[in-house]
**Q** 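Here you go, one structure.
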Amino acid sequence: GKDAVSSWAYGVAVAETAAAGVACFSLGLQENGGDVEESEALELLEQFSFDLDYLAADIFGGLSRLEQLSFQLQPEAKLLQALQRMCTFALIAVCRTVGYHQLSAKVVFEWTSRDARWSVVLTKGALAMLGPTDEARRAAAVAAAKQPTVVALPKDAELVQLRSALLSAVAALPSPDVAFPAGLDAEAEDDLGITARNLAMSRHRTELAEAVATCELTGTLLAATGAACGADTSGMAGQAVAGFFAALLQSTLTVNDLGSGEETSQALAAARSS
């Protein structure tokens, strides 16, 4: 227990206070910025992403170690919940600024500074809270309400909306739209050539696959997908997530796609090992 808590260097009280701060920031926003000018809301969100980025490594370390434990007692349970709530409210802030219907893989990836591991950590922390059934989530909310430093989660309807938007965004992370920076114009993309584009795509998907494996996203993602499929009989979430894993496998990648040279050998080796 002590070692697990020490993986988050600042203690349970600081984690709960930070989670409450993120919650207050997100709950102070309304979808599409509310009464705040769009440019101002986006500027605040960008600054918030820089501030949260300072805690990225600590959140990753805390979640990774705590989720490996089976426990019901404090302080481990309180710390895990605080870190998960931090991730959840951070993404609620993004959605309330840009609109839930506008949350995309590109938005998530750009907001996390195009860092594959940070994108995966943030989404995993949120999906861990959004994956359980409504009944389980309500029970956790009742327990959390007894803690004075915990801000209540939004209503179930908004959480279901967040889960749906987040699953769609995660499923599209391996796409070319995400692999290439937003500032890259069409002419620059054309100048890359097909081989260079394939190499860049392979590296992007390899980094994502490594992040998924390192952060152990699979179980959490499947649990959230199962909960979403239970609420939506169309099975769209399941199909999208299946496509996500298929893209990360890069099973059809060959040397002919990447050309020749040392970069090709390295890209193929990395893709196969991931």
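The chain is numbered in sequence order, starting from 1.
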**Q** Would you say S202's side chain and L199's backbone share a donor-acceptor pair under 3.5 angstrom?
**A** no

**Q** Sequence neighbours excluded, which residues qualify as salt bridge (Lys or Arg N to Asp or Glu O under 4.0 Å) partners of E43?
**A** none

**Q** In Å, rounded to the nearest 0.5 Å, how long is the span from NE2 of H204 to CG of L248?
**A** 8.5 Å

**Q** So, do R96 and L27 sit near enough that their side-chain heavy atoms are less than 4.5 Å apart?
**A** yes

**Q** So how far is it from L79 CG to Q84 CD, rounded to the nearest 0.5 Å?
**A** 10.0 Å

**Q** Under 3.5 Å, which donor-acceptor pairs do the side chains of residues 115-130 form with other protein atoms, sequence neighbours left out?
**A**
from: D115; atom 1: OD1; to: R117; atom 2: N; distance (Å): 3.0
from: D115; atom 1: OD1; to: W118; atom 2: N; distance (Å): 3.1
from: S119; atom 1: OG; to: T112; atom 2: OG1; distance (Å): 2.5
from: S119; atom 1: OG; to: D115; atom 2: O; distance (Å): 3.0
from: T123; atom 1: OG1; to: S119; atom 2: O; distance (Å): 2.9
from: T123; atom 1: OG1; to: V120; atom 2: O; distance (Å): 3.0
from: K124; atom 1: NZ; to: E67; atom 2: OE1; distance (Å): 2.6
from: K124; atom 1: NZ; to: C215; atom 2: O; distance (Å): 2.6
from: K124; atom 1: NZ; to: E216; atom 2: O; distance (Å): 3.2

**Q** Under 3.5 Å, is there a donor-acceptor pair between the side chain of R114 and the main chain of V178?
**A** yes

**Q** Testing the basics here: between I59 and C87, what is the closest heavy-atom pair and its distance to 0.1 Å?
**A** CG2-SG, 4.0 Å

**Q** Scan residues 153-174 for pairs that pass ring pair (Phe, Tyr, Trp, His ring centres under 6.0 Å), counting only residues two or more places apart or in two chains.
**A** none

**Q** How far apart are the C-alpha atoms of L162 and T88, what are their side-chain angles, what is the distance that settles it, and do they pass the side chain to side chain contact (heavy atoms under 4.5 Å, CB included) test?
**A** CA-CA 9 Å; L162 174 61; T88 303; 4.1 Å; yes

**Q** Using a 4.5 Å cut-off on heavy atoms from C-beta on, say whether the side chain of Q239 contacts that of F244.
**A** no

**Q** Does the plane of the ring in F48 sit parallel, tilted or perpendicular to the ring in W111? Use 30° and 60° as the thresholds.
**A** tilted

**Q** Rounded to the nearest 0.5 Å, how far apart are CE of M86 and CG of D58?
**A** 9.5 Å

**Q** To the nearest 0.5 Å, what is the distance between OG1 on T225 and CZ on R163?
**A** 9.5 Å

**Q** Nearest heavy-atom pair of A19 and A82: which atoms, and what distance?
**A** CB-O, 3.4 Å

**Q** Do NZ/NE/NH1/NH2 and the carboxylate oxygens of E207 and R203 come within less than 4.0 Å?
**A** no

**Q** Rounded to the nearest 0.5 Å, how far apart are OG of S175 and CE of M201?
**A** 7.0 Å

**Q** If I compare all heavy atoms of L159 with all of P154, which pair ends up nearest, and what's the gap?
**A** CD1-O, 3.6 Å

**Q** If you look at every heavy atom in C229 and G238, which pair is closest and at what distance?
**A** SG-N, 3.6 Å

**Q** Check step by step if side chain to side chain contact (heavy atoms under 4.5 Å, CB included) holds for D51 and F25.
**A** CA-CA 12 Å; D51 294 338; F25 175 80; over 6 Å; no

**Q** Minimum heavy-atom separation for L167 and V241, please, with both atom names.
**A** CD2-CG2, 4.5 Å

**Q** For the side chain of R85 and the backbone of Q81, is there at least one donor-acceptor N/O pair under 3.5 Å apart?
**A** no

**Q** How long is the gap from SG on C24 to CZ on F89, to the nearest 0.5 Å?
**A** 8.5 Å

**Q** What do the steps show when you test V94 against V108 for side chain to side chain contact (heavy atoms under 4.5 Å, CB included), and what is the final call?
**A** CA-CA 8 Å; V94 175; V108 172; 6.0 Å; no

**Q** Any idea which heavy atoms bring A105 and A169 closest together, and the distance?
**A** CB-O, 3.0 Å

**Q** Do E158 and Y100 make a side-chain contact, defined as non-hydrogen atoms from C-beta onward lying under 4.5 Å apart?
**A** yes

